[in-house]
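The sequence lines fix the lettering, A, B, ..., with proteins before strands; numbering per chain opens at 1. A quick note: this is a predicted structure, and the numbers were derived from the prediction, not measured.
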Amino acid sequence: MPVRVQTEDFDMAREVAALRGSDGRVGAVAAFVGIVRDLNDVAALRTLTLEHYPGMTEKALARIIDEAKSRWDIYEALVIHRIGELAPTDQIVLVAVTSAHRGEAFSACQLIMDYLKTQAPFWKKERTADGERWVEARVSDDEAAARW
Amino acid sequence: MIQLIYLARLREVLGTATETVDLPRDVMSVGSLLAWLRTRGGAWAQELAPGRAVRIAVNHDIARPDTQIKPGDEVALFPPVTGG
């Protein structure tokens, strides 16, 4: 399954090994891991809670992978996104792509991540010593997605 | 009847996660649905006001104001996404 939404952590090395398997065509793997930062505009972050829209999330992520596959000659792509309560330094998201050459793998990985940030229905709520607040969407994320 | 789903901050400020509603006969698009929900007043009028950043999905696909709505649809309202 190329798309997984889960509360559990993931092991990038194991996921990449499973993704490329014994496919001798694979000459490149690009993988991106997003991490919860211990940084906040006002106060130290205690927890980050990730919510999503079951049903739409999987469909949106599968469509993003299809978009990357239509643009570049890539073999496999994987997206794992965690939900629930996370803490600073926890892993949030993994995107991994296999291809014959690095260019396709880098580009596809970046497009999938940029589109995920603006199209996949996930929301973050931060809890700090000051209380809770929903994270606001960033214009820079829209700009990053628009360049593709 | 359609099913309405509210997510993330919108669910909290509207105090509603899901509801099943019978739409008036003239409410056939996402735009007219929003206008109809605003007539509830209070937080509904405020949060769904024109210009507010509200995203809508019909049957799990992102919709636009002219997207049609028909009985049996699942319509979700949510803020701009912040995953990743």
Query raised in the report: Is it true that atom CZ of B:Arg38 has more than 12 heavy atoms of other residues, nucleotides or ligands lying nearer than 6.0 Å?
Result: yes
**Prompt:** More than 12 heavy atoms of other residues, nucleotides or ligands under 6.0 Å from CZ of A:Arg147: is that the case?
**Reply:** yes
Is there a chain of hydrophobic side chains (I, L, V, M, F, W, Y, each step under 4.5 Å between heavy atoms) that links B:Leu14 to A:Tyr53? no
- Query: Below 4.5 Å, heavy atoms only, C-beta onward: do B:Phe78 and A:Met56 meet side chain to side chain?
  - Reply: yes
Honestly curious: do A:Ile83 and A:Ile64 fall in one hydrophobic cluster under the side-chain, below-4.5 Å linking rule? yes
key: Transitive ILVMFWY side-chain link A:Leu94 to A:Val16, under 4.5 Å   = yes
* Asked: Cluster question for you: counting only ILVMFWY and a side-chain heavy-atom cut-off of under 4.5 Å, with indirect links fine, are B:Tyr6 and A:Val135 together?
  -> no
(Q) A quick test of your reading: do over 12 heavy atoms of other residues, nucleotides or ligands sit less than 6.0 Å from CZ of A:Phe10? (A) yes
**Message:** Looking at B:Gly84, is its backbone amide N or carbonyl O close enough to the side chain of A:Lys124 to form a donor-acceptor pair, meaning the two atoms are under 3.5 Å apart?
**Reply:** yes
Heavy-atom closest pair (A:Lys117 atom, B:Val81 atom, distance to 0.1 Å) is O-CG2, 3.5 Å
Ordered numerically, the heavy-atom neighbours of chain A under 4.5 Å found in residues 44-59 of chain B are B:Ala57, B:Asn59
Fill in: Same apolar cluster (I L V M F W Y, side chains within < 4.5 Å links), A:Trp148/A:Val95
yes
Distance col, row B:Thr82:OG1 vs A:Lys125:NZ, nearest 0.5 angstrom, shows 11.5 Å
The interface call for A:Arg63 against chain B, heavy-atom contacts under 4.5 Å, is side chain
Max heavy-atom pairs within cutoff under 4.5 Å with chain B, candidates A:Glu51, A:Met113, A:Glu136, goes to A:Glu51
**Asked** Is there a donor-acceptor contact under 3.5 Å from the side chain of A:Trp123 to the main chain of B:Leu7?
**Response** no
Contacts satisfying salt bridge (Lys or Arg N to Asp or Glu O under 4.0 Å) that involve residues 17-27 of chain B (not counting sequence neighbours) are B:Glu19-B:Arg40
